[in-house]
Amino acid sequence: RAVHLAGGEIVLPRPPPAGDAPLVAWIWLGEPSGASVREGSVCTGLAAEALVARQDATHAVRFELGASRGRNTFPADQWHQLAIVRRGDTVAVHVDGAVEPELTGRAAAEAARVVIGRGLQGKVDELACFDRALTPAEIATLWEASGVAEERAAAAAARGAADEERVRSAAAPDLPGDHDARVAAV
């Protein structure tokens, strides 16, 4: 079961390793019917600034790391895998197994306690810390192993097929070539 945060937070019992360290977690920010403008900290302690999730009124979420804004928005009502990787003096944030990071920033100067979900309204699941930095290929492998990408693709294909059926069934029926003449004769 996932931890549902609404005003709470998860504080890891020990600081992360002093060197390279990643944290991987799944987050979910809400039901589509509950779209509202809100924000919360996804993670503090690995980067110099907090990783923040900002949800807009269209129910899209964008991740920010300090003054840096992510390039993409993501549906808030879907689970997303976040890999926050500290390597040397930089931090990279990968979303949903992407090889290219969504965001990069400065690593925290000192090992600090990692806090997950401060001010975040949503769920956190499958939180994992590693004792070495993960490569982008390893992050992609964790995403692929989850099966979420295949589930999303299958759901999109089913929605597409249903949309095509609706369009097909709503289209005017094929009429014989002499239809207009027959109608005029009546």
Nearest heavy atoms of Arg86 and Gly19, plus distance in Å: NH2-O, 2.5 Å

Approximate separation, where rounding is to 0.5 Å, of Trp28 CH2 and His4 NE2: 6.0 Å

Residue pairs fulfilling ring-ring contact (aromatic ring centres under 6.0 Å, His included) with at least one residue in residues 123-161, sequence neighbours excluded: Trp26-Trp143

Qualifying salt bridge (charged side-chain N to carboxylate O under 4.0 Å, His left out) pairs with a residue from residues 124-143, counting only residues at least two apart or across chains: Arg132-Glu138

Closest contact, heavy atoms only, Ser68 versus Thr104: OG-O, 4.0 Å

Value rounded to 0.5 Å, distance of CD in Gln55 from CG in Asp77: 9.0 Å

Name of the residue among Leu46, Leu103, Val85, Val42 meeting side-chain contact (heavy atoms from CB on, under 4.5 Å) with Val93: Leu103

Nearest atoms (heavy-atom pairs only) where Arg62 meets Gly70: NH1-O, 2.8 Å

Shared hydrophobic cluster for Val52 and Leu5 (ILVMFWY, side-chain gaps under 4.5 Å): no

side-chain contact (heavy atoms from CB on, under 4.5 Å), paired with Leu127, selected from Ile116, Val3, Ile27: Ile116

Interatomic spacing from OG1 in Thr44 to CG in Leu51 - rounded to 0.5 Å: 10.0 Å

Heavy-atom side-chain contact between Val24 and Ile84 under 4.5 Å: no

NE2-CZ distance between His94 and Phe63, expressed to the nearest 0.5 angstrom: 13.5 Å

Criterion side-chain contact (heavy atoms from CB on, under 4.5 Å) against Cys43, the qualifying member of Val114, Val91, Leu65: Val114

Side-chain donor/acceptor of Arg87 to backbone N/O of Pro22, under 3.5 Å: no

Side-chain donor/acceptor of Asp96 to backbone N/O of Gln81, under 3.5 Å: yes

Partner set under side chain to side chain contact (heavy atoms under 4.5 Å, CB included) for Glu165, not counting sequence neighbours: Arg168, Ser169

Arg106 vs Glu49 side-chain heavy atoms within contact, under 4.5 Å: yes

Any Leu82 side-chain heavy atom under 4.5 Å of Leu23 side chain: no

Set of side chain to side chain donor-acceptor pair (under 3.5 Å) partners for Glu100, sequence neighbours left out: none

Residue pairs, two or more places apart or on separate chains, that pass salt bridge (charged side-chain N to carboxylate O under 4.0 Å, His left out) and touch residues 16-26: none

Qualifying residues under side chain to side chain contact (heavy atoms under 4.5 Å, CB included), relative to Gln78, sequence neighbours excluded: Pro75, His80, Arg152

Donor-acceptor contact below 3.5 Å, side chain Arg113 vs main chain Val11: no

Closest contact, heavy atoms only, Val61 versus Ala53: CG2-CB, 3.8 Å

N/O donor-acceptor pair under 3.5 Å between Glu102 side chain and Asn72 backbone: yes

Shared hydrophobic cluster, Val115 / Leu12 (ILVMFWY, side-chain heavy atoms < 4.5 Å): no

Considering all heavy atoms, the nearest Ser41-Ala50 contact: OG-CB, 3.9 Å

